[in-house]
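The figures here come from the full heavy-atom set of this structure, side chains too, leaving out hydrogens, waters and symmetry mates.
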Amino acid sequence: MNIDENQSKPTGLNELNVTFSGNAREYFGIWIVNVLLSIITLGIYSAWAKVRRKRYFYGNTWIDGHNFEYHANPKSILKGRIIVFVLFVIYNVLANINPIFTVLSLPLLFLIPWLVNKGLTFNARMTSYRNVRFNFAGRYWDAFISLILLPIVTIIPLGLLIPIATRKRLNYYYNGHSLGNTKFGANIPLKPLYKAFFIALALAILSLAIIFGGIFVTALSAGLIESLNPSSMDPQSEPLLIAGIFGSYIAMFLIFLPAYIHYSVKSFNTGINNLNLNNEHRFIATLKTLPYTWIVLSNFIVTLLTIGLMAPWAHVRKAKYLAANFTVLASGSLDNFVDTVAQDGSVTSSEYMDMDGIDFGL
């Protein structure tokens with residue numbers, strides 16, 4: 001059953017709201033220690049910082065009176081980062097010795113899907129809800145098509161294949177996950193993705209026309225068009241011209257950010273609204289473009305003006321908004337479902353999960 005974000009919620013399901021109980025003051029103490037120790041240790045402590053951050057956010061995310069937990073060993077994360085760093089150094093050294101190594105390294109693209117699968121597997125297995133671990137079993141070629149092939153192909157027809165690439169990526173991600181041995185399922189429809197894409201495209205084109213039209217009229221009235229001729233350029237006009245060019249870059253950023261956020265929000269909603277667990281439990285996401293755009297922009301501005309000190313506030317604010325717009329539609333009691341999953345022998349032991357998998361995420 002596909003659920004559109006504008007449709008009413010299915011009846012007969014138990015509605016469970018997601019809540020986030022963290023606060024900025026509490027998280028600031030964790031964040032500032034993470035930053036300082038990461039700097040002092042030249043980034044080595046960042047693996048421990050990631051674990052502390054995830055444990056805080058997971059531990060403060062609640063569904064039906066129970067929170068999530070994160071069990072990763074920082075040493076596994078550090079090991080993965082060292083591997084990536086060594087490969088990066090080797091690549092740069094070889095490329096500097098002889099540029100031909102840059103071409104010869106193209107086959108390394110085939111390594112990316114494997115790395116992504118390993119990272120997703122690790123993070124899923126390190127996450128639990130009510131003592132039941134998640135898992136990820138994505139296939140290599142699904143990852144290759146979703147992350148390498150389709151993003152390249154979408155460039156050719158002016159981005160018109162972006163919704164198809166999005167659907168493939170979402171299906172790969174959601175269908176690969178499970179809670180214990182109970183699989184998540186998703187069959188993402190194309191129609192809402194194309195609707196979101198064309199609205200984002202129209203928004204970007206309209207904003208471009210308005211802003212560049214305004215820039216042209218302003219430049220024309222100020223006589224800057226004629227000043228573009230080097231022989232007739234007034235030295236006093238150069239600062240205005242530079243300011244105009246700089247302003248146009250800022251305008252382009254402000255144009256494409258809302259368009260990008262609109263498509264991202266609608267894609268997220270579409271994916272979650274068509275997700276199920278064991279074909280029984282459903283999920284609803286109700287993110288809105290304007291509120292989320294405001295949160296992203298204001299978080300960025302406040303963080304920038306405070307030299308990063310308000311970053312914890314921004315992270316907590318975003319987490320609260322996401323949780324407030326996420327709902328679980330449970331078929332019956334989650335107690336019975338979780339008890340069944342935990343007792344069917346499907347949950348691999350934590351000792352094995354801690355050994356198997358390396359987090360390659362940076």
Side-chain angles (χ1 to χ4, degrees), residues 18-22 26-63 66-88 111-138 140 143 147 172-184 277 311-312 315-316 318-319 322-323 326 338 341-342 346-362:
V18 180
T19 58
F20 182 77
S21 59
E26 189 176 59
Y27 179 55
F28 181 85
I30 296 174
W31 176 83
I32 193 66
V33 171
N34 285 347
V35 171
L36 293 176
L37 289 180
S38 295
I39 294 173
I40 293 173
T41 61
L42 302 179
I44 294 177
Y45 186 78
S46 64
W48 280 260
K50 177 179 179 177
V51 171
R52 294 186 68 206
R53 182 182 74 251
K54 285 205 167 192
R55 284 179 179 171
Y56 180 80
F57 279 92
Y58 285 26
N60 282 285
T61 302
W62 300 79
I63 300 176
H66 297 271
N67 63 322
F68 291 83
E69 293 182 273
Y70 189 67
H71 309 275
N73 184 341
K75 294 180 181 179
S76 297
I77 297 176
L78 182 62
K79 186 190 305 181
R81 292 181 176 180
I82 291 174
I83 292 174
V84 172
F85 177 76
V86 170
L87 291 175
F88 179 77
L111 185 63
I112 293 177
W114 180 81
L115 293 175
V116 171
N117 273 339
K118 293 293 287 185
L120 289 173
T121 300
F122 179 88
N123 280 298
R125 290 178 174 179
M126 295 303 108
T127 305
S128 70
Y129 176 69
R130 298 176 68 167
N131 295 321
V132 179
R133 299 274 187 127
F134 289 84
N135 197 10
F136 182 80
Y140 172 85
L147 305 174
Y172 154 74
Y173 180 80
Y174 289 131
N175 288 317
H177 276 88
S178 61
L179 179 60
N181 262 356
T182 305
K183 291 184 65 63
F184 287 90
L277 177 59
H315 293 318
V316 168
K318 180 180 176 182
L322 293 175
F326 197 106
V338 172
V341 172
S346 65
V347 183
T348 310
S349 69
S350 60
E351 291 80 6
Y352 168 74
M353 289 189 172
D354 285 337
M355 290 189 299
D356 183 61
I358 298 174
D359 181 20
F360 292 96
L362 299 177

Engineer: Restricting to side-chain hydrogen bond (donor to acceptor under 3.5 Å, both in side chains), what partner residues turn up for Arg52, sequence neighbours left out?
Structural biologist: Asn34
Engineer: Side chain to side chain contact (heavy atoms under 4.5 Å, CB included) with Val35: which residues, sequence neighbours excluded?
Structural biologist: Trp31, Ile39
Engineer: About how many Å separate CZ of Arg125 and CG of Leu120, when rounded to the nearest 0.5 Å?
Structural biologist: 12.0 Å
Engineer: Would you find a donor on one side and an acceptor on the other, under 3.5 Å apart, between the side chain of Arg133 and the backbone of Ser128?
Structural biologist: no
Engineer: Indicate the atoms forming the closest heavy-atom contact of Tyr172 with Gly138, along with that distance.
Structural biologist: CE1-CA, 4.1 Å
Engineer: Look up atom OG1 in Thr61 and atom CZ in Phe20, then write down how far apart they are to the nearest 0.5 Å.
Structural biologist: 5.5 Å
Engineer: Could you please spell out the steps behind the side chain to side chain contact (heavy atoms under 4.5 Å, CB included) verdict for Lys75 and Trp48?
Structural biologist: CA-CA 8 Å; Lys75 294 180 181 179; Trp48 280 260; 4.2 Å; yes
Engineer: Identify, with sequence neighbours excluded, every residue that meets side-chain hydrogen bond (donor to acceptor under 3.5 Å, both in side chains) alongside Asn60.
Structural biologist: Ser21
Engineer: Tell me whether the count of non-hydrogen atoms from other residues, nucleotides or ligands lying under 6.0 Å of CZ in Phe85 goes above 12.
Structural biologist: no
Engineer: Run the side-chain hydrogen bond (donor to acceptor under 3.5 Å, both in side chains) test against Thr127 and tell me which residues pass, sequence neighbours left out.
Structural biologist: none
Engineer: Of all the heavy-atom pairs spanning Ala47 and Ile77, show the shortest one and how long it is.
Structural biologist: CB-CG2, 3.9 Å
Engineer: Does His315 have any side chain to side chain contact (heavy atoms under 4.5 Å, CB included) partners at least two apart in sequence or in another chain, and if so, which?
Structural biologist: Tyr27, Phe57, Ala311
Engineer: Ignoring hydrogens, what is the shortest heavy-atom contact between Gly22 and Tyr56? Give both atom names and the distance.
Structural biologist: CA-OH, 3.2 Å
Engineer: Kindly give the heavy-atom pair with the smallest separation between Ser46 and Arg81, and that separation in Å.
Structural biologist: OG-NH1, 2.7 Å
Engineer: With sequence neighbours left out, what residues match Phe68 under ring pair (Phe, Tyr, Trp, His ring centres under 6.0 Å)?
Structural biologist: Tyr129
Engineer: Just so I know, are the side chains of Ile63 and Phe326 near enough to count as touching, which here means a heavy-atom distance under 4.5 Å?
Structural biologist: no
Engineer: Who pairs with Tyr173 by ring pair (Phe, Tyr, Trp, His ring centres under 6.0 Å), at least two apart in sequence or on another chain?
Structural biologist: His177
Engineer: Between Val33 and Phe28, does the side chain to side chain contact (heavy atoms under 4.5 Å, CB included) criterion hold? Intermediate values first, please.
Structural biologist: CA-CA 8 Å; Val33 171; Phe28 181 85; over 6 Å; no
Engineer: For Ile112, what residues pass the side chain to side chain contact (heavy atoms under 4.5 Å, CB included) criterion, not counting sequence neighbours?
Structural biologist: Leu109, Val116, Ile148
Engineer: For Lys54, check side-chain hydrogen bond (donor to acceptor under 3.5 Å, both in side chains) against everything at least two apart and list the hits.
Structural biologist: Asn123
Engineer: For the ring pair Tyr174 and Phe184, is the centre-to-centre distance below 6.0 Å?
Structural biologist: no
Engineer: List in chain and number order the residues that pass side chain to side chain contact (heavy atoms under 4.5 Å, CB included) with Thr41, two or more places apart in sequence or in another chain; answer none if no residue qualifies.
Structural biologist: Ile44, Tyr45
Engineer: Run the numbers on Phe134 and Ser178 for side chain to side chain contact (heavy atoms under 4.5 Å, CB included), then give the verdict.
Structural biologist: CA-CA 6 Å; Phe134 289 84; Ser178 61; over 6 Å; no
Engineer: To the closest 0.5 Å, what do you measure between NZ (Lys183) and CG (Asn135)?
Structural biologist: 8.5 Å
